[in-house]
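Okay, so here's the structure we're looking at.
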Amino acid sequence: MSSKHAIFSRRSVLQSGLAGGLVLAFPWPLRAAPVNEPEQPPDHPDGQFAPNAFIRIDNSGKTTLVMPQAEMGQGVYTAIAMILAEELDADFAQVMIEHGPPSDKLYGNPLFGVQVTGNSNSIRAFWDKLRNAGAAARTMLIAAAAAQWQVDAASCTAANGKVTHASSNRSLTYGEVADAAAKLPVPEKPKLKDPRDFTLIGKPLKRSDTPNKSDGKTIYGIDAMVPDMKFATLVQCPVLGGKVKHADDSAAKNLPGVRQVVVLDDLVAVVGDHMWAAWQGLNALKVTWDEGQNAKINSADIWNELRAASQKDGVVAKSEGDVNKGLAQGESFDAAYELPFLAHATMEPMNCTVRLSPDGCEIWTGSQVQSRAQQYAAKAAGLPIDKVKVYNHYIGGGFGRRLEADMVASAVRIAKEVSAPIKVVWTREEDMQHDVYRPAYRDTISASLSNGKIVGWKYKVTGSSVLARWFPVAFKNGLDGDAVDSAVDMPYDIPNKRVEYVRAETPAVTTGFWRGVGPNNNVFAIESFMDELARKANMDPVAFRLGMLDGTPRLKAALKLVAEKSGWGSPLPPRVGRGVSVQPSFGSFIATVVEAEVDDMGEVHLRRVTCAVDTGIAVNPDTIMAQLQGGLIFGLTAALWGEVTIEKGRVQQSNFNNYRMLRIDETPPIDVHVIKSGEHPGGIGETGATAGPPALRNAIYAATGVPLRRLPIDRSAIASKKA
Amino acid sequence: MTFSISINGTKHDVDVADDTPLLWVLRDVLGMTGTKYGCGIAQCGACTVHVDGNPLRSCLLPVGTIGSRAVTTIEGIGATEAGAKVQKAWLDREVIQCGYCQSGQIMSAAALLAANPHPDDADIDAAMAGNICRCGTYVRIREAIKSAAGEA
């Protein structure tokens with residue numbers, strides 16, 4: 001490798017405090033989208049072994065792994081590369097990673113059938129496919145070497161990018177046999193490794209993407225640079241769904257650096273020499289809006305509609321035993337829980353760079369849905385799909401916002417009016433006020449208790465269906481499977497239960513997936529009510545749950561572990577409480593304890609968070625920990641402050657000054673305990689966001705005795721002194 | 001107007017209005033995209049740079065006010081002792097997730113350590129509370145700062 005690619009150099013072995021052992025730091029060469037990245041050597045032009053869409057080996061031995069999923073911080077590039085390289089027996093320190101292009105056919109998520117990074121299912125969905133891909137390639141490389149040596153393939157082994165025939169002391173690199181391997185048939189069911197022989201999977205390896213993120217080299221979508229490009233920013237009607245009536249751009253056009261004002265039916269964009277010029281132009285615009293039918297909608301109206309809808313009978317999502325008979329036994333209780341609209345507020349605001357030519361369109365962005373971005377661009381450009389190239393990038397926060405492609409479509413529509421390539425960057429204010437929002441939900445639950453156990457359980461979820469808009473093919477018979485996901489999978493042993501769903505589309509607000517998706521709501525309602533029921537039964541919340549978890553032993557084990565690690569039951573000062581929550585969501589079994597103090601004014605102070613997780617095979621255990629630490633903060637942030645409110649059809653929150661984030665000085669120690677498991681890998685990215693809020697709510701309940709039933713937390717309800 | 005500014009030890013001449021925030025000069029005029037836009041109102045810290053060693057939010061820093069003071073960005077901070085320590089600790093502790101805020105986090109942490117080689121938790125809180133991380137890497141940021149200070 002030439003010395004200018006300093007990134008190729010091997011870093012030293014680093015001591016890891018996390019695993020208590022030695023961990024190799026792998027300084028991977030990265031290969032990102034073809035813009036603004038350090039020049040990369042091309043694949044060897046003479047030959048290429050590409051047995052599937054994930055692996056390419058040229059005859060210099062350079063091994064490129066193509067990522068079907070998007071990297072948005074969850075560590076999936078490293079985990080996917082670990083799985084591929086494990087079965088391939090590649091030299092892990094030398095593999096190159098490449099952002100995958102849009103293709104449902106090649107890179108569709110096996111659980112969805114389309115290319116999407118979401119629902120915490122990169123690893124659990126691609127696990128078999130990636131292992132097979134790696135093993136097939138390894139099998140072919142071994143066969144090619146064996147044929148060259150005229151020996152039995154079974155007598156050869158592979159490791160670190162080489163095939164070895166030990167008895168004759170010969171070896172060939174993957175590059176040396178790549179051409180021959182390329183001529184062999186691809187085995188459909190190659191022999192997979194015995195997990196006991198894994199050398200990469202299960203190790204807390206260093207991530208591939210972090211070195212370049214530590215010195216500003218990583219190129220996110222917002223950093224894309226195209227020759228001769230201009231910079232644009234846009235404004236949409238402050239009233240959701242409104243249109244442009246008239247735009248007076250006379251002042252804007254005269255500002256230095258402003259090149260053009262583009263007026264479309266639903267937005268106005270200013271194009272300038274740089275973002276600041278465009279933004280100044282935006283501020284100088286005088287736009288008259290046709291505010292439309294949403295101009296009278298307030299949050300109170302939306303909640304009234306949701307509450308009315310929750311009175312209706314829902315579509316039955318699950319029914320076991322006889323719920324009416326169960327509810328008639330013992331003593332019964334009811335509660336209703338409400339969760340607000342939430343914005344995603346990714347740190348990287350929405351953006352998209354577009355270069356149009358008469359017969360083509362190129363897109364630079366960071367998307368969780370590469371193929372959908374391509375489709376939206378094609379439609380907006382009026383071009384066939386195959387004329388649209390999408391260069392996906394590292395994502396500065398997805399959380400579900402980048403499961404949408406609206407920012408791609410609008411950028412292309414603007415670009416059609418501009419003669420130069422443009423980068424469209426949304427201001428934070430536009431990003432927050434024109435998001436797709438986590439639905440507001442109302443959950444009503446009835447349950448009956450007999451001898452310290454629940455004997456009847458009726459749970460109804462009422463809210464907007466994201467699935468019906470986003471993936472209509474999966475919305476069947478009025479049932480949104482995501483909205484009831486963890487209601488249906490409720491872990492407790494209850495003989496009579498029923499889960500219902502009422503679709504209630506809220507006016508003005510378009511809803512979208514938000515980290516934790518449906519289970520975020522389900523787990524909050526279930527685990528909040530579980531604590532209220534435990535108190536009715538005069539039982540400790542952990543003991544109450546343990547008595548009904550025999551059917552879900554992995555969760556029961558996690559709960560026992562978290563109780564031990566959190567010091568559950570040990571004395572606490574006044575107005576300090578511990579709260580627990582458990583969840584079997586996304587294929588991972590997680591128990592969480594939050595310890596919090598409520599001061600006299602009702603302010604909540606996080607003291608400590610403890611979490612135990614059984615996620616099956618933990619491909620990279622350090623990433624599992626990091627995802628839970630971060631996900632918990634994401635969820636706790638929402639529980640403490642998150643709420644998007646609507647007044648006269650306008651989103652009231654606009655930036656981080658009025659849409660609060662947890663900060664480092666408010667962050668408690670967070671201990672995550674990963675349980676060793678040989679089960680199929682579960683999902684992890686969403687889980688912390690789901691786990692935090694009910695555990696915090698229950699900690700406040702323990703500290704104050706106040707059973708909060710809405711988020712975000714109402715300080716006035718838990719203050720001991722009234723302000 | 002034309003301004004000559006020193007960034008990471010190199011002089012750059014830029015022709016922009018004097019109220020143009022340094023952030024956009026770096027990103028859009030000079031193509032130095034390591035410094036990030038997050039909020040535009042000095043609430044998130046993603047745009048943090050050093051001016052004569054002090055951490056400042058470049059989104060609200062008019063280029064016309066910089067004068068001869070030395071600007072250091074994430075692309076250049078590794079050349080300083082504190083910056084190199086922080087970057088190494090960030091990787092040793094695997095702080096980074098999406099990474100978008102981390103340029104700013106690293107700049108704030110490097111300024112902290114340069115001024116205070118042995119910060120306690122309260123010092124870390126005071127220096128870092130202006131930097132938002134939506135991925136929630138705060139636990140590891142605290143560990144990494146202590147590690148860089150040689151205390152963990």
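Chain naming here is simple, since letters A, B, ... match the order of the sequence lines and numbering starts at 1 in each.
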What is the minimum heavy-atom distance between [X] and [Y], and which atoms define it?
X: A:Pro349; Y: B:Gly38; answer: CG-O, 4.3 Å
X: A:Lys206; Y: B:Leu91; answer: NZ-O, 3.2 Å
X: A:Trp279; Y: B:Tyr37; answer: CH2-OH, 3.4 Å

Practice item. Tabulate, in ascending numerical order, the residues of residues 13-29 of chain B having at least one heavy atom closer than 4.5 Å to a heavy atom of chain A, or enter 'none'. Key: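 Residues of residues 13-29 of chain B touching chain A at under 4.5 Å: B:Val16, B:Asp19, B:Thr20, B:Pro21, B:Trp24, B:Arg27, B:Asp28, B:Val29.
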Exercise for review: May I ask you to list the residues in residues 73-84 of chain B that approach chain A closer than 4.5 angstrom, counting heavy atoms only, ordered by number?
Suggested key: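 Against chain A, the residues of residues 73-84 of chain B that fall inside the cut-off (heavy atoms, under 4.5 Å) are B:Ile74, B:Glu75.
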Exercise for review: Among A:Val672, A:Thr667, A:Leu632, find the residue that satisfies the side-chain contact (heavy atoms from CB on, under 4.5 Å) test when tested with B:Val139.
Suggested key: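 Result: among A:Val672, A:Thr667, A:Leu632, A:Thr667 is the only option passing the side-chain contact (heavy atoms from CB on, under 4.5 Å) with B:Val139.
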Practice item. With B:Gln97 as reference, evaluate A:Gln629, A:Arg207, A:Lys213 under the side-chain contact (heavy atoms from CB on, under 4.5 Å) test and give the passing residue. Key: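 So the option named by the test is A:Arg207.
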Review point. Between A:Asp223 and B:Lys36, does at least one N-O distance fall below 4.0 Å, as a salt bridge requires?
Key: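 Result for this pair is yes, salt bridge flagged.
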Quick check for you: to the nearest 0.5 Å, what is the distance between [X] atom [atom1] and [Y] atom [atom2]?
X: B:Asn131; Y: A:Ile664; atom1: CG; atom2: CD1; result: 8.5 Å
X: B:Cys39; Y: A:Met347; atom1: SG; atom2: CE; result: 7.5 Å
X: B:Arg134; Y: A:Met661; atom1: CZ; atom2: CE; result: 4.0 Å
X: B:Cys44; Y: A:Arg663; atom1: SG; atom2: CZ; result: 8.5 Å
X: A:Thr210; Y: B:Trp90; atom1: OG1; atom2: CH2; result: 13.0 Å
X: A:Leu662; Y: B:Tyr138; atom1: CG; atom2: OH; result: 6.0 Å

Quick check on the interface: out of [options], who has the most heavy-atom pairs with chain B under 4.5 Å?
options: A:Gly396, A:Ser214, A:Gly216; result: A:Ser214
options: A:Ala626, A:Gly257, A:Gly688, A:Pro669; result: A:Ala626
options: A:Ala277, A:Gly398, A:Ala345, A:Gly75; result: A:Ala345

Point to revise | Listed partners of A:Phe634 passing ring pair (Phe, Tyr, Trp, His ring centres under 6.0 Å), at least two apart | key: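 Result, ring pair (Phe, Tyr, Trp, His ring centres under 6.0 Å) vs A:Phe634: A:Phe399, A:Trp514.
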Review point. If you look only at pairs with a residue in residues 52-73 of chain B, which of them pass as a salt bridge (Lys or Arg N to Asp or Glu O under 4.0 Å), with sequence neighbours excluded?
Key: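 Pairs touching residues 52-73 of chain B that pass the test: none.
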